[in-house]
> 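One structure, as structure tokens, below. Some questions next.
Values below: all heavy atoms of this structure, side chains included; hydrogens, waters and symmetry mates excluded. One-based numbering, in listed order, for ligands and for the atoms of each. Note that this is a predicted model, so its numbers are computed, not measured.
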Amino acid sequence: MSETDAPDADDEPRTSERLVELAKRRGYFFQSSGAYGGVGGFYTFGPQGAALKGNVEDAWRERFAVREGHMEIDAPTIMPEPVFEASGHLDTFDDMLVECPECGESHRADHVVEDNTEYEDAEGLPIPEVEEVIAEYELVCPSCGAGLAGQDVEDFNLMFATNIGPGDAQPGYLRPETAQGIFVEFPRLKEYARNTLPFGVTQIGRAYRNEISPRRSIIRVRELTQAELELFVDPEGDGPDLTDVEDVPVTLYPAAEQNAADGRAYETTVGEAIAAGTIADPWIGYFLGVAAEWYESIGVDMDRLRFRQHLAGERSHYASDCWDAESEIDGNWIELTGFAHRGDYDLSKHDAHSDERFTIFTQYDEPKTVERAVVDPDMSYLGPEFGGDAGRVVEELEALAARDRSAFDGDGVTVEVDGERREIPVEKTGFAVEEQTEAGEHIVPHVIEPSFGVDRLVYTVLHHAYREDEVDGEPRTYLELDPEIAPTFVGVFPLQSDDALEEEAREIAATLRAEGLSVTYDDSGNIGRRYRRQDEVGTPFCVTVDYESLDDEAVTVRERDTTAQKRLPIADLPETLAALRSGEVSFDELAE
Ligand code: ATP
């Protein structure tokens, strides 16, 4: 999905520019290794940013792991090559690259197409078609303006390669998603889940993608943080309980609307969308509902969030239904989260490539009597006839009987061993159809995956909270962050530089910290400037100690958004502020 496909995508990204400047100045995020010129796609979260990101991750963990009753793991970020051979990443985790013949800059060919033509889903086009579109529209290099027609478009694998240990005998890769760390441990994780479906495993951690053109600060980086949930379900099992989510309002942009000339996103509820078949899978519907409520709880503006269904060409071939949560940023829609029904793709791949079983034994309600085709070959015939290959012939006969019992209808049966055809008289195979009673079967669970990008969540929360207004005739910038997510919850100040006021203020700061609140103490500059500083980082409340406080044991508490002030007793502060943080009480409701 292009980041520049919304109607006014050509407008200057005003808020983003101001936000990125604020983020650097106030310690939210900035390009890493600046002392050495920096390198594209790597960002450091400063003190405010790291705290905000931590709060978002904690809120995610609380909602998607703890409250859902799922297990969280923490796997390594480097994994050996066979993992990515099995997962398909080595072959297919590619983006389309086109190089400028003049300046040598590399670009994502699908983004060049999407940004400059009416194509919305160039990622799904085959390479020759992308080359044709570039030529037909005479598309140019976004950096220097030179024509790109006639340039080869190539697949570029996004994984960072490394060597494990000295030498290059054991190639490894930095994981491009946290999910593989969960899939490869499935044989062990299923034991912890007592071999019972459904069960979910979550992971929050770093992933690495060698993006062709990282851009828009932390929206497209080369080292990112993901929060992923892999829910393993029995495809024949019960779906989710939708009671808590069916009335959740969601804005949907289904594939049919995207394909229609006058199509548009519209509001509905999770329950209605499932009943109408717009959301095909109830599990996907369940997670869209949970996610919608969660986004709102961390401060995403829900008028600027939609769920967009993948178009047919965009969807991975194994995925039956996929939706992206997208947030609006300066007129562009940015993918925040992917919700995918991945079928049995991941576990089947690892089952086939590794020595372990990626299946679960599911018990039938009642034992079943089934017919099984079996062989019991006459080894006194097979041994002399096929020598060292006899064992392989037996394996092939067993597989053939399970697969196609009609192959044993005639007098002879043929199997292939190492490309050579071997004829065996059916009477020597011991072929029979037997009745067996079975208690259950081994199945490959299906996977439902909500995959969240934490960096883009942080960016969205900041962007949607960005405000400019005027206070006392002066322009002011503030971040209207949710009190539970804001990196700093309260600023504590002495009104003036004075030992007694400073001592009291420090004491209050220490008491509030001991209560678990995130507090900043500031005694530098005039009080107005200190308020502005806290407004800019989004601190919801400030507490000021003045000379009267030393007599009346009360302080001035100021609210960020309205700048309203109230006089409150020092003794009540921990309780009052905790209630303000949890939303139990609003500042308006507080009695002085
Ligand atoms: P895109 O199409 O934007 O490249 P994707 O479809 O490849 O993203 P997924 O593989 O579904 O992304 O990854 C899940 C989530 O991880 C995305 O929804 C996004 O929030 C985040 N993400 C992916 N790539 C990046 C990146 N380079 N920088 C920041 N976040 C990313």
> Work out whether the distance between some heavy atom of Ile334 and some atom of ligand 1 is less than 4.0 Å.
no
> For Thr337 and ligand 1, answer yes if some heavy atom of the residue is under 4.0 Å from a ligand atom, otherwise no.
yes
> Asp455 to ligand 1: N or O pair under 3.5 Å?
no
> At under 4.0 Å between heavy atoms, is it the side chain or the backbone of Arg209 that contacts ligand 1, or both, or neither?
side chain
> Does Arg306 make a cation-pi contact with Trp333, if we ask for NZ or CZ under 6.0 Å from the ring centre and within 45° of the axis?
yes
> With sequence neighbours left out, what residues match Phe358 under ring pair (Phe, Tyr, Trp, His ring centres under 6.0 Å)?
His350
> For Gln258 and Asp121, which I'm curious about, is there any donor-acceptor pair between the side chains at under 3.5 Å?
no
> Look at Arg26 together with Glu536 and state whether they make a salt bridge at an N to O cut-off of under 4.0 Å.
yes
> Taking atom types as modelled, find out whether His446 and Asp234 have a side-chain donor-acceptor pair closer than 3.5 angstrom.
no
> Could you tell me whether Val221 approaches ligand 1 through its side chain, its backbone, both or neither, with non-hydrogen atoms closer than 4.0 Å?
both
> Select one of side chain, backbone, both or neither to describe which atoms of Leu336 lie under 4.0 Å from any atom of ligand 1, heavy atoms only.
backbone
> Is Thr539 close to Leu479 at the side-chain level, that is, under 4.5 Å between some pair of heavy atoms?
no
> Side chains of Tyr286 and Glu68: is there a donor and an acceptor less than 3.5 Å apart?
yes
> For ligand 1, note which part of Arg220 has a heavy atom under 4.0 Å away: side chain, backbone, both or neither.
both
> With heavy atoms under 4.0 Å as the rule, classify the contact between Leu457 and ligand 1 as side chain, backbone, both or neither.
neither
> Evaluate Phe452 for polar contact with ligand 1, using N/O atom pairs at a separation under 3.5 Å.
no
> Just going by heavy-atom distances, which of Glu335, Arg456, Glu449 is nearest to atom 18 (O) of ligand 1?
Glu335
> For ligand 1, does Gln226 get within less than 4.0 Å through its side chain, its backbone, both, or neither, judged by non-hydrogen atoms?
side chain
> Given Thr460, Asp95, Ile219, which one has a non-hydrogen atom that is nearest to atom 29 (C) of ligand 1?
Ile219
> Whether the Tyr459 and Ser16 side chains hold a donor-acceptor pair (N or O, under 3.5 Å, no angle test) is what I'd like checked.
yes
